[in-house]
Protein chains: 2
Amino acid sequence: MTTPGIQVTRLGKFDNMPLPTILAASFLDAGGHGVAQVLTHRERAALVGMSRPVEFKRDQMIQTEGARAEFIWNIVSGTAETYCLLPDGTRRVMSILFAADLIGLSEGGHYVETARALTEVRAWEIPLRALDGLVRRDPRLDAALLCKISHELRESERHLLTTARQDARARVAAFLVWLKQKEAATLHSGDLLELPLRREDIADYLGLSVESVSRCLGQLERSGLILREQRRTLRLMDVPALQKLAGMD
Amino acid sequence: MTTPGIQVTRLGKFDNMPLPTILAASFLDAGGHGVAQVLTHRERAALVGMSRPVEFKRDQMIQTEGARAEFIWNIVSGTAETYCLLPDGTRRVMSILFAADLIGLSEGGHYVETARALTEVRAWEIPLRALDGLVRRDPRLDAALLCKISHELRESERHLLTTARQDARARVAAFLVWLKQKEAATLHSGDLLELPLRREDIADYLGLSVESVSRCLGQLERSGLILREQRRTLRLMDVPALQKLAGMD
DNA sequence: CGTAACTTTGACTTGCTTCAAGGTGTGTGG
DNA sequence: CCACACACCTTGAAGCAAGTCAAAGTTACG
């Protein structure tokens, strides 16, 4: 079980931390096609009132599967992953979460996955009890959560789509393009792609072995589609070709 | 695009069709652990007021990927599937839906998947426009949808979990046990399991080839775990062994 | 009763995993 | 500041599981 008061570092720089942000596509209405902020300023302020800023160091646990759910976290910066441990000892990375995402979805009052910080993560820690009350007073917030969760549902389906029935190279290519899009949403870095995760995490996310991931990267490099500048830094040389390989037309 | 007024059969027996039902586990509170009705009687009645009962025949399309989203459907009886067609021509079954499930989640006003009836399906057809208004007047309904969608998210993750990184036999075993649980929720049929879908659908759901599914069933039969009574009727001889094989401990 | 759709089975091939060993980077203590 | 140790990544070789291709068997239905 997470005991944030102990594990979590509190720093002065939290004073000017960005407000809680939830990005999602609209659910019911046709709206703008893109992903946008679904909280009003009022709601963001209300969330700040009941939340506290926290920071997780690299590799630190955020929540544990099966533990009593007490908080959800709204990521301000950094990258995290959620995963399940299978009875045979293997690990399955279910989702990779970025700024404006939510960590901590639960069922029956208990977390269904384990979450871990991949980089340093700053987040708003929102007590579920307080959120429950806020949702009752402000139904619009409920709609915002609905948008977010249905958006996550589609993310999960996308993940399922790339994972199943595609060969290893296509999966890796799809992953790189996806990650690049996520990154491009926050910062412009040309064709450089900073990987916030280890090969092992990529493998467990794509349902491959570490060796396969490595071999695929080598293959993509030999084909001139990418360049491995450093372990965690790739250069995407031919994004259209990667997309084609990934079967994204 | 679906044009329900034309494709859909209307029958007199709709008069006493069961009210709209949404089953889901609670989202925020600890509540009962099981899956339960999340609509009040009032809400169910309100939904009836704006909906109409429809019936889809076996193999009939319910919605088409990319088409303008106008309705969602609340299944009363029968089984349906949703799927995506990949650019390489392969098909990926994303979900299998039963009574009390919802069909028709959309993004940006368009359906994200194609849905098809696997058996005869009876459902309440709810216009999105009307639902939107109702949700505004009744925030609790919004919460109900939230429960349902977060429940579906977990279903999708379960699917992802069984699909990736398990061998074919384990996937098939997991599928059979899952289907049995779904079926047991509505009717008691001993150890008999009625498959509402073809081998092809099972294959596309599990990310296997039709031949692999068939071979796995043969293998499970030879091991004494199941019996193939008819094409679409299996007898589960040893559910615990199937669960163990599926890695459900 | 015949045809078409569906399912099963067999033989072969491909691609991923596993096992094993060799690199490369990083952080720590001498 | 260097050297060592450890964690992480890459590469190679062998084995095996699932896919593909081909054909026969079965069921459903007109």
Side-chain angles (χ1 to χ4, degrees), chain A residues 57-59 81 86 88-92 116 118-119 162-176 193-223 226-234 245, chain B residues 57-59 81 86 88-93 116 118-120 162-176 194-223 226-234 245 247:
Chain A
K57 289 190 286 288
R58 189 166 181 274
D59 286 336
E81 67 178 6
L86 276 66
D88 67 344
T90 62
R91 197 179 68 118
R92 195 80 249 282
R116 200 179 62 152
L118 289 171
T119 64
T162 75
T163 268
R165 246 354 182 121
Q166 296 236 57
D167 67 3
R169 221 175 27 170
R171 290 189 216 178
V172 172
F175 175 74
L176 294 180
L193 176 62
E194 203 70 31
L195 302 176
L197 29 60
R198 288 185 282 278
R199 299 289 184 270
E200 189 191 348
D201 295 308
I202 301 177
D204 290 345
Y205 183 72
L206 295 177
L208 298 170
S209 64
V210 180
E211 295 92 331
S212 282
V213 171
S214 187
R215 266 186 270 270
C216 287
L217 290 175
Q219 222 171 323
L220 292 174
E221 186 166 44
R222 251 168 284 126
S223 314
I226 67 169
L227 237 79
R228 286 182 283 192
E229 309 240 307
Q230 300 167 50
R231 290 184 170 191
R232 300 276 200 118
T233 312
L234 303 181
L245 220 168
Chain B
K57 290 189 285 290
R58 191 167 180 273
D59 286 337
E81 67 177 6
L86 276 64
D88 67 346
T90 62
R91 195 179 69 116
R92 195 79 247 282
V93 174
R116 200 179 62 150
L118 289 171
T119 64
E120 179 182 289
T162 76
T163 268
R165 239 8 174 111
Q166 296 235 58
D167 66 3
R169 220 177 27 170
R171 289 189 217 179
V172 172
F175 175 74
L176 295 180
E194 203 71 30
L195 302 176
L197 29 61
R198 287 184 282 277
R199 300 288 184 271
E200 189 192 348
D201 296 308
I202 301 177
D204 289 346
Y205 182 72
L206 295 177
L208 298 170
S209 65
V210 180
E211 295 92 331
S212 283
V213 172
S214 186
R215 267 187 269 269
C216 287
L217 289 175
Q219 221 173 323
L220 291 175
E221 187 167 42
R222 252 169 285 127
S223 315
I226 67 168
L227 236 79
R228 284 183 284 192
E229 309 238 310
Q230 299 167 51
R231 290 182 169 193
R232 299 277 199 117
T233 312
L234 303 181
L245 221 169

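Every chain is numbered from 1, with letters handed out A, B, ... down the list of sequences. Below, all heavy atoms of this structure are taken into account, side chains as well, without hydrogens, waters or symmetry copies.
Residue B:Arg232 contributes atom CZ, which lies 14 Å from atom C1' of D:dT26 at whole-angstrom precision. Per the geometry, CZ belonging to B:Arg171 stands 14 Å off P belonging to D:dA17, to the nearest Å. In this structure, A:Gln230 places its CD atom 12 Å from C1' of C:dT24, rounding to the nearest Å. Per the geometry, CD1 belonging to A:Ile202 stands 9 Å off P belonging to D:dT10, to the nearest Å. Between the CG atom of B:Asp201 and the C1' atom of C:dT7 there is a distance of 13 Å, given to the nearest Å. Between B:Leu197 atom CG and C:dC6 atom P the separation is 13 Å, expressed in whole Å. Summarising the geometry, the separation between CD on A:Gln166 and C1' on C:dC16 is reported as 15 Å, rounded to the nearest angstrom. Atom CG in A:Asp204 sits about 14 Å away from atom C1' in C:dT17, given to the nearest Å.
Closest approach to the A:Arg231 side chain among C:dT8, D:dT20, D:dC8 is made by D:dC8 (side chain taken as heavy atoms from C-beta onward). Distance from the side chain of A:Leu208 is smallest for C:dC16 among the nucleotides D:dT11, C:dT7, C:dC16. The listed nucleotides are C:dC16, C:dT8, D:dG19; the one nearest the side chain of B:Ser212 is D:dG19. Minimum atom distance to the side chain of A:Asp167 is reached by C:dC16, of the listed D:dA7, D:dT11, C:dC16. Distances from the side chain of A:Ser209 to the nucleotides D:dC9, C:dT17, C:dT8 place C:dT17 closest.
No engagement by B:Arg169 is indicated, since no non-hydrogen atom pair under 4.0 Å with the nucleic acid exists.
The shortest heavy-atom contact between B:Asp204 and B:Arg91 is OD2-NE, 2.8 Å.
Side chain of A:Arg199 to backbone of A:Arg231: a donor-acceptor contact under 3.5 angstrom is found. In this structure a side-chain-to-backbone donor-acceptor pair under 3.5 Å is present from A:Arg171 to A:Gln166. At least one donor-acceptor pair closer than 3.5 Å links the side chain of A:Arg92 to the backbone N or O of A:Tyr205.
Between B:Cys216 and B:Arg58, it is B:Cys216 whose nearest contact on DNA chain D lies nearer the 5' terminus.
Counting only heavy atoms from C-beta outward, the side chains of B:Arg232 and B:Arg198 approach each other to under 4.5 Å.
Counting distance only, with no hydrogens placed and no angle test, the side-chain atoms of B:Arg215 and the base atoms of C:dG10 include a donor-acceptor pair under 3.5 Å. Residue-to-nucleotide contacts include no donor-acceptor pair under 3.5 Å from the side chain of A:Glu211 to the base of C:dC16.
One finds no side-chain N or O of A:Arg228 lying less than 4.0 angstrom from the OP1 or OP2 phosphate oxygen of C:dG23.
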